[in-house]
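Let me begin by presenting the structure, written as structure tokens, before commenting on it.
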Amino acid sequence: MRAFPATEGRAGVLPGLIFHLWVVTSCVLVLLFIAAPLARTIASPTLEQMLATLRDADVLRSVGLSIWASALASVLALILGTPLAYVLARRTFRGKKIVESLIDLPIMIPHPVVGIALLTLAGRNNWFGRILTDMGVNIMGSITGITAVLFFVGLPFYINTVKNGFENVPVRLENVSRSLGAGPSATFFRITLPLCSRSMLVGMIMCMARALSEFGAVVIVAYHPMVAPVLMYERFTAYGLSYSQPVAVILILVSLLFFFLLRVLSKSEKEEA
Amino acid sequence: MRAFPATEGRAGVLPGLIFHLWVVTSCVLVLLFIAAPLARTIASPTLEQMLATLRDADVLRSVGLSIWASALASVLALILGTPLAYVLARRTFRGKKIVESLIDLPIMIPHPVVGIALLTLAGRNNWFGRILTDMGVNIMGSITGITAVLFFVGLPFYINTVKNGFENVPVRLENVSRSLGAGPSATFFRITLPLCSRSMLVGMIMCMARALSEFGAVVIVAYHPMVAPVLMYERFTAYGLSYSQPVAVILILVSLLFFFLLRVLSKSEKEEA
Amino acid sequence: MIRVSGLSLRLGDFALQDVSLHVRPGEFFALMGPTGSGKTVVLESIAGLIQWQRGEIHIAGRDVTALPPERRRVSLVYQDHALFPHLTVLENVIFGQRYHGISPADGLREANELLDRLGLSRLCGRTPENLSGGEKQRVALARALACRPNVVLLDEPLSSLDPQFRDDLRSALKTLHMQMNLTVLMVTHDFVDALSLASRAAVIRGGRMEQVGQIDEIFRQPRSTFVAAFVGMKNVFRVTSPGLCELGNGVGFAVPDAAHGAMALRPEDVFVTRNPDLPGNWICLPAKIRSVRHEGFSWFTEAVCGHAVITAALDRQCLMAGGLEPGSPVWLGFTPERLHLVPDGSDETG
Amino acid sequence: MIRVSGLSLRLGDFALQDVSLHVRPGEFFALMGPTGSGKTVVLESIAGLIQWQRGEIHIAGRDVTALPPERRRVSLVYQDHALFPHLTVLENVIFGQRYHGISPADGLREANELLDRLGLSRLCGRTPENLSGGEKQRVALARALACRPNVVLLDEPLSSLDPQFRDDLRSALKTLHMQMNLTVLMVTHDFVDALSLASRAAVIRGGRMEQVGQIDEIFRQPRSTFVAAFVGMKNVFRVTSPGLCELGNGVGFAVPDAAHGAMALRPEDVFVTRNPDLPGNWICLPAKIRSVRHEGFSWFTEAVCGHAVITAALDRQCLMAGGLEPGSPVWLGFTPERLHLVPDGSDETG
């Protein structure tokens, strides 16, 4: 027993209350602010409108194109982005900050600027663009162009996710593997990659989801062939809000599907860790 | 000395070489793919074109509006998003996965759909929209609308960054603080928040940078007053590529500025940890 | 001072089952158990940081079951010290005082006294990152004491420290406990720490209490083979027939008739001599040295006695006298009181 | 087997300065030092995982300075065992064999032998997450040995284990080392582990070698007060005048004329008796008991002798004989050989 008198704590009841109020209200507000518009949109079209839209060949083609081009972009990210993610996770080198900044840049550049920049590079007024055109590669208004744009905007999401995954593989495992005789390549494929495969899958889905949502850059590079967001924009400007809502609903549902996948995968990833 | 014969390791020279080749080429390709279009764009306009654009009142006004609305959105994120980030970092509860998914949703929803959804909610054909309109709040074509859109798309970036920051504050510090007599509110403001302030700043800049880049959702909710990306889109469609390039350069430079800020801050954050 | 009754909870795979313990005012109590046995869970329940499903906790006579941590007046010290990195040493120490009605002037004086007592005065203005492990742990201790808690809870306070600092902190803890008349509940996986510091203790295993009692009692009279193994009682003899432990080859010794299960004996309680010149009431067994080894500064021998192998500590005198080569005949002696009955001798753990 | 000469490197604030050491074939060598002294850096340099700025490393007669880790034939075992979580125990163990020209059949046989020897056979098909700490560490050991390394590097192999498992693994290590004639370099901050396992050792501090030599030599004859403190040599007597250590009050003892600095003495080397019946060549000092305390199972007394306080270990016989109440007069005895000269007695560390 201490010799000091036992004074009851001056529990700050009022500030505690205000604190709780702040936490509760802002949580509710934020969740409502995200959920309500989406829910309202899903509830807007009638069943007939929805069915009609689902039978509309233009809509189906554009959604298909969106998914196809996004998938292509995420495969590109897997092949070309994985080594960079690994290097960023494991090495320190002069200028690393600059490289990391460069990787994140596509998130921050206004989307139409991304389109403009890609068109500028591929335009006939510079040598690279002329080489491309001579090789028959056309960016403007082509699926190649769309894929390039989607790869550009989706890449940071892939690289950052996978870099994180690589960082979570303890370096000590690689050290032990090296000391046991496995070279850098064997260590990468036998130890690092298997332990990171789920991160890579999550990264691909992130990249694909981001690519699916892109509009501003695509609309500049390729209005036609229309990807789904462009189609929706066209319907909105040509026919108005209520005509565009059924398409919006379809896109929301496609996003939710990816989302669900993502959550299931990243959940089990955490459970494994 | 071991009794085993000392066999030299069959060092896989060829696979090792291919591995290195893959790593080096893909790193170079990816970095070029991001840097080249932007560099080319910055190099495109002549000095006179740049100066003329910088004197263009429309351009300045739109850039100012973009920055102002984005800053507003990030302040909103600070006030409303912080509690949710804290709750997500500290509590486990049934349905947490769903809440986390909901927070990430704005990244994945195609941008025009975001605009449609906000317009749908605020439209006169539902009670919430009617209340808003009766209060004199107008979403369509107003700065309020733009800020709402930017808050919507920027929020996930703020919440995820800050949530990460909160997770990096050891729970044990909060436990000790509680055991020493500080209530939840005092613990939050005296321990958690000070240790997380840099994350919050980084989160706000992330949110603002993402908001600055938004085009697809803004263009639906408010073509006028024009934010910078919309202005650029208009110039591109009305006058063509070379006319839009100077504006693109300005936007790239503004993004780079934020970017630089972000890197400086997140760097010192890592050094402190 | 602390009374835990029937505490039960479930955390994922782990369950705490009906844990009860009682820490008396001014007592230094050690809760021992291997990693994953639930000792920290008990500690955090007492601090109010974990919700439990069943059971009651009283601290200083108050039922604190429904009180949040900040109202319980228990201070927590973690293994990793958990100092607030953005505050100086002094700011860390005075952190909690305002919530306990301690005036700033009194608080500062007491904080400085504590820092002084722990030899930390010159570090007042430093931030935690610049301190050594031992210093950090002492600051954490000062911070815990500065808000006049009813009880101090220590979570493996010594195990993150290098051996050099460990001795220092152990003495500091002992001195503080005696001088300030503190009530301390310490959790540890190291029975040496418990033996050096605590007067009473409990052993927990897989969320269940195995034994509670005086520290000596636990070390001398473990109630299960698990506790026996945990406290380093390496010699376990099965009771072969009522009143007898046979070791084979005609060697054996008498035990009380009622004993069944096994008899356990610490290596430290076995004496090795070359002549059977031990007191008359001692049990004295002929054996042959198998090996002699040291662990740190202690020497042990394994000696074959019948079919059994007995581990015994060696005194320095005995070592110096020589004659401990493998194969040498020796006598092993111990008093019957040191021989302890382990009722659940059939337990699977060894 | 390993020869490190003049190793120097800089990593942030930390620098390794001109570190040299030599591990002979078949030797168990311990590199000791407190946390942050650079012992793991030396280990990782030998394994080739860290780039160093100056110095050479030879392993098994080859200059490996320019070789990547996978060509050095050294196996690493980390404190946290670092098992590959996606492979079974057996897959972990055979992981590296293919890179050392070991045929799958031979490899499997050897792996099974090793697992058997370490008592892990029944765990072959399990994944690491289901193993206990001690089992994980033994699997890591088996994995390191399965690819027939020239040298095994151990990074604090015992310190992450509970005391119970620690004893087991210590014996396993000792047995393996002797049976397989391994060359082992172990890094540790715990001198007890070093003393139990190693035959030669080095002490490192702040990136510099303080002492290299036979383990006994380091423990008996530390060359600096830092090493003396590190190995638990608690009694340090200043040489007051040539040939004499005075303790005040007319008490003192003779030391060789050439000695200056300080003389250090282990508590374990001081005997406490009630009659000065010690051999004639011993130094025998009158003292008064100040306190008796135990640390774990060892008992120590602090006795006032002149103005000095001497810590001495107590034998069980001595304890049982009684007469150790505070204030009781006793004799402290030790042989002059145990008294060791510490040349840099003026060093600041204590």
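Bear in mind that the values here come from a model prediction, so they are computed numbers and not experimental data. Quick note on labels: first sequence line is chain A, next is B, and so on, each numbered from 1.
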Q) Within a reach of under 6.0 Å around CZ of A:F260, are more than 12 heavy atoms found that belong to other residues, nucleotides or ligands? A) no

Heavy atoms of A:L180 and D:A144 approach each other most closely as CD2-CA, 4.2 Å

Exercise for review: Mark yes or no for whether A:R190, through its side chain, and D:F95, through its backbone, hold a donor-acceptor pair below 3.5 Å.
Suggested key: yes

Bottom line for A:T187: the part with an atom under 4.5 Å from chain D's heavy atoms is neither

Honestly, the part of D:L49 sitting under 4.5 Å from a heavy atom of chain A is side chain

Highest number of heavy-atom pairs under 4.5 Å with chain D among A:P170, A:G181, A:G183, A:S177 belongs to A:G181

One should read off an interatomic distance between A:I191 CD1 and D:H86 NE2, to the nearest 0.5 angstrom, of 4.5 Å

Whether over 12 other heavy atoms sit under 6.0 Å from D:Q53 CD
yes

**OP:** Flag yes if more than 12 heavy atoms outside D:L11 fall under 6.0 Å of its CG atom; otherwise flag no.
**Re:** yes

Bottom line for D:L83: the part with an atom under 4.5 Å from chain A's heavy atoms is backbone

Is the number of heavy atoms from other residues, nucleotides or ligands under 6.0 Å of D:F14 CZ greater than 12? yes

What one should report as the nearest heavy-atom pair of A:R172 and D:Q79 is NH1-N, 4.3 Å

So, the part of A:L195 with a heavy atom under 4.5 Å from chain D: the answer is side chain

Take a 6.0 Å sphere around CZ of D:R54 and say whether it holds more than 12 heavy atoms from other residues, nucleotides or ligands.
no

Closest non-hydrogen atoms of D:L76 and A:V176, given as atom of the first, atom of the second and distance, are O-CG2, 4.2 Å

- Query: In this structure, are over 12 heavy atoms from other groups packed under 6.0 Å from A:R90 atom CZ?
  - Reply: yes

Of all heavy-atom pairs linking D:A82 and A:L173, the shortest is O-CD2, 3.2 Å

To the nearest 0.5 Å, atom OG of A:S179 lies from atom CD of D:E44 at 10.5 Å

